[in-house]
Protein chains: 2
Amino acid sequence: MASIKEVAKLAGVSVATVSRVLNDKGYVGQHTREMVEQAIKELNYKPNEVARSLFKKQSSTIGLIVPDIMNPYFPELARAVEDTASKFGYNVILCNSDEDKVKEQAYLDMLQQNYVNGIIVSSNTMTAEQVIKLNIPVVSIDREISKGLPTIVVENMKGAHTATRYLISKGCSRIAHIRGPQGVVNADERCEGYREVVQQESWFSESYIVDGDYDMESSIEATLELLKTHPEIDGIFAANDIMAIGAMKAANQLGTKVPDELAIVGFDGIKLSSVTIPELTTIVQPIYEMGEKATKMLVSLMNQQEVGQTYYKFDVDLIERNST
Amino acid sequence: MASIKEVAKLAGVSVATVSRVLNDKGYVGQHTREMVEQAIKELNYKPNEVARSLFKKQSSTIGLIVPDIMNPYFPELARAVEDTASKFGYNVILCNSDEDKVKEQAYLDMLQQNYVNGIIVSSNTMTAEQVIKLNIPVVSIDREISKGLPTIVVENMKGAHTATRYLISKGCSRIAHIRGPQGVVNADERCEGYREVVQQESWFSESYIVDGDYDMESSIEATLELLKTHPEIDGIFAANDIMAIGAMKAANQLGTKVPDELAIVGFDGIKLSSVTIPELTTIVQPIYEMGEKATKMLVSLMNQQEVGQTYYKFDVDLIERNST
DNA sequence: TTGAAAGCGATACCAA
DNA sequence: TTGGTATCGCTTTCAA
């Protein structure tokens, strides 16, 4: 790879001048500029980003920390982030944290050492202190780290209300909830939303809420158990789509017909939800849009531009399909 | 962030000495070492990776170029690559090429300018020339760029044989194939494998092979059309899982029972395939393992170590589930 | 066993 | 309008 020096030599000018035409900054004579551009073309010169980064203390790279890219929620998010970052001239370093505090901190250190300009993170375990110490713009997505930090989330409560009320409107009279992990904010909120709707129903009991782990296995088990102890259940609101699919599988195992005998609603609106048979009714999050917004916000933050709002709560929509 | 200079000053030594203890290279007195380590701890010093990269002309980063991380095949691959890279101390920059030659070249340039140590790429459009010009180790995965370049692929033909023969063994007597895009090597191979098995069957006709685009939409349409013109079909081998699921949906639309009236086999073994109802019988690729192998191979290549084999053709397995 | 200094490849200030 | 040069933070030779 040719360096700026070689370009300068070939063009018969100083490196300072080459740098000026490169960055279109400062005065450069018309003729000189042409000479330089010619040399650049001739050598197929591309500026060395590492050297640039060292000087600028910025690497035109952002970090994306997700629990696990294999979790179907995140590929769409990652795609949105990468698309948007790319549009603004940034690269993205992908990090899978497994929600592990040690790994997370290691990734943060690594990103900092690599002069990333900013970080987008989805994590339950990260603390405000960790983030602030970095001294790098960070946008939190899907899960809120701390009030005051830039955050993109969705209307979890409202979505849960919608889902639950919808099941009622569909004629369900015994509605259970498979919740996400205790302590995970969005799981707690979705559960709370469900609870608010069914609380004063005469039939409601705490045993209508069962624990899942946001994955299919846990949900299948939970549903099997649930339907055994409460055969009267005719509606399930699962806290995410994977668990809703798990519930469908469990129902299928038991020979319970979906949606005729049991209606199921999920949450997230991942691509997967439209792939099942029957297709899943779900509360969709605008995942791509959220990733896009997070990245745009991060870019503004990185450029020290005025960023009006730093907290966005995106609306969610009920998509009615065949599981209800 | 503290720099090596500050550490040197605090420890009362030169930066050269600090560098020596950092890299555990060259002579350092026991006492001196302790002083330096103390200073490092005190300042919570972390070496600046960008400066290191500039000097070394290596950035301990690898690039991963995939068509689209939202395509369900790639999250697992990406996870494998990131896990393995991380284990060896490398970061991964994620690139979505959309199989677009212009984007691909732009990413290659970017990666080169960022001094990545190596690249893992899945692409149909990339040429050997592009790769060689980079002068950076590149491993191609899932799709072969050119003989001679490090490559990880699977037994596409064999998998197609297995799938087709299996359908026959299940009693299917009219087996169709929904193929992937023309010109894409693995699609061509899978189609060829199918053809070899059914070619001399008296019932076989070219119209049993229909074009799909490796996505669900195209497959639904293709299957609808197929089943209309050939209602006698009782088995379908789809060239990937997404299309197999599309076929299931089409069958469902037409009221055709899977697997009773129509058996369906997919290819790839993505996580999705075990989520459908009925679960999909498919030819599984060891995706994670392939990503791991690709990364390990790349690491060896980057370290200029002896790499015996640079071409791996992974075996595939039939997983029998409920769609057949 | 240690330190001084020359790079790595850019940018940007200050002079000319 | 241009060039010389210090600088970013590190590694590595060469001398001491």
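A note on names: the letters A, B, ... follow the listed sequences, proteins ahead of strands, and every chain is numbered from 1. Treat the numbers as computed from the prediction; the structure is a model and nothing was measured.
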Separation of B/R33 atom CZ from C/dT1 atom P, in whole Å?
10 Å

Let me know the distance between NZ of A/K57 and P of D/dC8, rounded to the nearest Å.
7 Å

Between B/K9 (NZ) and D/dC10 (P), how many Å, whole number?
14 Å

It should be established whether B/S14 places a side-chain nitrogen or oxygen under 4.0 Å from OP1 or OP2 of nucleotide C/dG3.
yes

May I have the distance from A/Y115 (atom OH) to C/dA10 (atom P), rounded to whole angstrom?
17 Å

Measuring to OP1 and OP2 of D/dC10, would you say a side-chain N or O of B/Y45 lies under 4.0 angstrom away?
yes

Ignoring the backbone of A/R52, work out which of C/dC8, C/dT11, D/dG3 is nearest its side chain.
C/dT11

Could you check which of C/dA10, C/dT2, C/dG9 has an atom nearest any side-chain atom of A/P47?
C/dA10

OP1, OP2 of D/dC10 versus side-chain N and O of B/S19: anything below 4.0 Å?
no

Does a side-chain N or O from A/N48 land closer than 4.0 Å to OP1 or OP2 of C/dC8, or not?
no

Within 45° cone and under 6.0 Å: B/K293 NZ/CZ vs B/F314 ring
no

Strictly below 4.0 Å: does B/K25 bring a side-chain N or O up to OP1 or OP2 of D/dT11?
no

Testing D/dT2, C/dG7, C/dG9 for proximity to the side chain of B/F55, the answer is C/dG7

Short question: side chain of B/Q112, backbone of B/L134 - any donor-acceptor pair under 3.5 Å?
yes

Does B/R20 put a side-chain nitrogen or oxygen below 4.0 Å from OP1 or OP2 of D/dT11?
no

Checking all strands, does A/V28 fall into the base, sugar-phosphate, or nothing category for heavy-atom contacts under 4.0 angstrom?
sugar-phosphate

Side-chain touch A/R79/A/Y288, heavy atoms, less than 4.5 angstrom
yes

Rounded off to whole Å, could you give me the NZ-to-P distance for the B/K56 and D/dG9 pair?
18 Å

At under 4.0 Å between heavy atoms, what does A/V13 touch on the DNA or RNA strands: base, sugar-phosphate, or nothing?
sugar-phosphate

Nearest 0.5 angstrom please: A/M35 CE to A/T32 OG1, how far?
8.5 Å

Give the intermediate values and the outcome of side chain to side chain contact (heavy atoms under 4.5 Å, CB included) for residues A/M302 and A/L298.
CA-CA 6 Å; A/M302 296 186 309; A/L298 188 65; 4.0 Å; yes

Choosing from C/dG3, D/dT11, D/dT2, which nucleotide comes nearest the side chain of B/L22?
D/dT11

Rounded to whole Å, how long is the line connecting atom CD of A/Q58 with atom P of C/dT11?
14 Å

How many whole angstroms separate atom CG of A/L54 from atom P of C/dG7?
17 Å

Taking the side chain as everything from C-beta on, heavy atoms only, tell me whether B/I136 gets closer than 4.5 Å to B/L108.
no

How long is the line joining CD1 of B/I4 and P of D/dC10, in whole Å?
5 Å

Given D/dT11, C/dG9, D/dT1, which nucleotide is nearest the side-chain atoms of B/N23?
D/dT11

